[in-house]
Protein chains: 2
Amino acid sequence: MKGYGQYCPVAKATEILNERWTLLVLRELLFGSRRFNDLRKGVPLMSPTLLSKRLKFLEESGVIERCRAEPGKGWEYQPTTAGQELRPLVEMLGIWGQRWVRSRLTPDELDPGLLMWDIRRCTDAKLFTSRRTVVQFEFSDAAPSKRRWWLVVSDKDGVDLCLTDPGFEVDLYIFTDLRTMTALWMGDMPLRHAFDSGRIELEGPPELRRSLQSWLQRSPFGNVQNQNPKRKVSLDTKTRRQLRL
Amino acid sequence: MKGYGQYCPVAKATEILNERWTLLVLRELLFGSRRFNDLRKGVPLMSPTLLSKRLKFLEESGVIERCRAEPGKGWEYQPTTAGQELRPLVEMLGIWGQRWVRSRLTPDELDPGLLMWDIRRCTDAKLFTSRRTVVQFEFSDAAPSKRRWWLVVSDKDGVDLCLTDPGFEVDLYIFTDLRTMTALWMGDMPLRHAFDSGRIELEGPPELRRSLQSWLQRSPFGNVQNQNPKRKVSLDTKTRRQLRL
DNA sequence: CAGTATCCGATGCGATACTG
DNA sequence: CAGTATCGCATCGGATACTG
């Protein structure tokens, strides 16, 4: 009894899309992940068995295709035309979520691996020179094994993320905590404020410290404004007036 | 372990919306149903217990509000601002479903109650005169107890749907089968074709028979074109060329 | 009319280990 | 690296009956 027994196209679409995890897997695919283990990084709490099952179902449903990767090693998953057409839907879902059900950033929703994987994906290598730049993130409150991360970027080799010291000399150190970095990423806190309150500190040459705000992106949903009054940390005057406070 | 443990707004939105039935309940609310038992008619296979549970959760989540109905009798549910903002999402879902996963109209997806409820909702009473018009639908292939339905419409009293003979004189009889009527409703078959092939027959005064196509609407998704080649009944030439057939 | 109470069965899914 | 195999519990939700 999987379906809804309705001819309505909303029901038919929902039958495909609203199994647990499915929309998050799709999000990963639409944001560019192609390999099984890359997809896993975007949904770390999902078991590989289940991911495999979902991918199969999405393929059956005509949303994605599984095809051989270039060199002869392994497979890749990519959205079909039908899958591509779901992009606006996933975006709207994210925008709505950001407006109305923004995460409270409870400890269980803070994950350095997920955050750094997001940051990696949104870091534009073209903003860097051909000389390799190494940025080390250190999260004071993360578990020891996930405290330090290295972003290795260059114009031509793209962006690489390491959890073990790659051995290169570090150009820029970023000291902060996971909650602050996540809040920055999600647009919950201005970078300015994080510096002023000492929640983030840099170490490295001045020009690299200054360039940080140009290459360190926020989440694609980072500039969507929160609309939910209950979840608003600080109310702007317009909202206060609306609520008659 | 209900959530996804992710700060991502897509995940947060999904936690609210992708429980089974939730999006269909929301569809009903956005299409105008306000009362518990009206909502039930839109999701007849959902148990009242579960509907109640979903409504509570949607209320907790800030998507809908439960408020007293006018006269002092009972409650009504209505979307909040956050809920209203989900309308485009539900519409997109329906459009995508209609393009790519259109129902095959298998027997379990044919339901005269659901269909007539849909038709009732989309019938515009303003297209009728102040004189009461009674239209009787008869589905040759429906279960005896669901064969005949009456639509009672007038300019000022709106549209009423009955499963038991309301006793008024019938102005227009529509004889057809459930599959044909559903296909017409979903835009899978042109009205012209249904008449020409004898799948639908009318009985009543000529001007009322002629006016049928003006007031009998199709589903809100009825004019969305199917894109899925596997599900296409007849391929147009452009598609045939694309597929090199 | 508008739900609640209760029960039980299917199964979804998480956990862990394993393989080509 | 890219998945599969197996297992067992929890819970979701379907069915039915009941109530203010």
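Protein chains get the first letters and strands the later ones, always in sequence-line order, with residue 1 at the start of each. All heavy atoms count here, side chains included; hydrogens, waters and symmetry mates do not.
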Is it true that Arg104(B) and Glu109(B) make a salt bridge, defined as a side-chain N closer than 4.0 Å to a carboxylate O? no
Residue-phosphate contact under 4.0 Å: Arg54(B) side-chain N/O, dC12(D) OP1/OP2: no
Minimum-distance nucleotide (side-chain atoms of Trp75(A) versus dA5(D), dG13(D), dG3(D)): dG3(D)
Atom NZ of Lys53(B) to atom C1' of dA2(C): distance rounded to whole Å? 18 Å
Across the strands shown, which category fits Ser52(B) at heavy-atom distances under 4.0 angstrom: base, sugar-phosphate, nothing? sugar-phosphate
Nucleotide dC1(C), atom C1' - distance to NZ of Lys41(B) in whole Å: 11 Å
Under 4.0 angstrom between Lys56(B) side-chain N/O and dT4(C) OP1 or OP2: yes
Looking only at the side chain of Pro48(B) (C-beta and beyond, no hydrogens), which of the listed nucleotides dG13(D), dA2(D), dT4(C) gets closest? dT4(C)
Note: Arg27(A)-Glu91(A) ion pair, threshold 4.0 Å (strictly below): no
Any Arg20(B) side-chain nitrogen or oxygen under 4.0 Å from OP1 or OP2 of dT11(D): no
Any idea which of dT16(D), dA2(D), dG12(C) is nearest the Thr49(B) side chain? dT16(D)
SB check Asp171(A) Arg131(A) (cutoff 4.0 Å): yes
Under 4.0 Å: is that the gap between some side-chain N or O of Trp21(B) and OP1 or OP2 of dG14(D)? yes
Rounding to a whole Å, what distance do you find between Arg68(B):CZ and dC1(C):P? 16 Å
Does a side-chain N or O from Arg35(B) land closer than 4.0 Å to OP1 or OP2 of dG3(C), or not? no
Would you say Tyr77(A) places a side-chain N or O within less than 4.0 Å of OP1 or OP2 belonging to dG3(D)? yes
Under the ring pair (Phe, Tyr, Trp, His ring centres under 6.0 Å) criterion, do Trp215(B) and Phe128(B) qualify, and how do the steps go? CA-CA 8 Å; Trp215(B) 65 262; Phe128(B) 289 77; 5.3 Å; yes
Whole-Å gap separating P (dG13(D)) and CE (Met46(B)): 8 Å
Measure from CG on Leu39(B) to P on dC1(C) and round the result to the nearest Å. 14 Å
Measure from CG on Leu24(B) to P on dG13(D) and round the result to the nearest Å. 12 Å
Nearest-Å distance, CG (Leu50(B)) to P (dT11(D))? 16 Å
Taking NZ, NE, NH1 and NH2 as the nitrogens, is one of them in Arg147(A) or Asp141(A) under 4.0 Å from a carboxylate oxygen of the other? no
Hunt down the Watson-Crick or G-U wobble partner of dT16(D), both distances under 3.5 Å, from any strand shown, or write none. dA5(C)
Rounded to whole angstroms, how far apart are CZ on Arg34(B) and P on dC1(C)? 19 Å
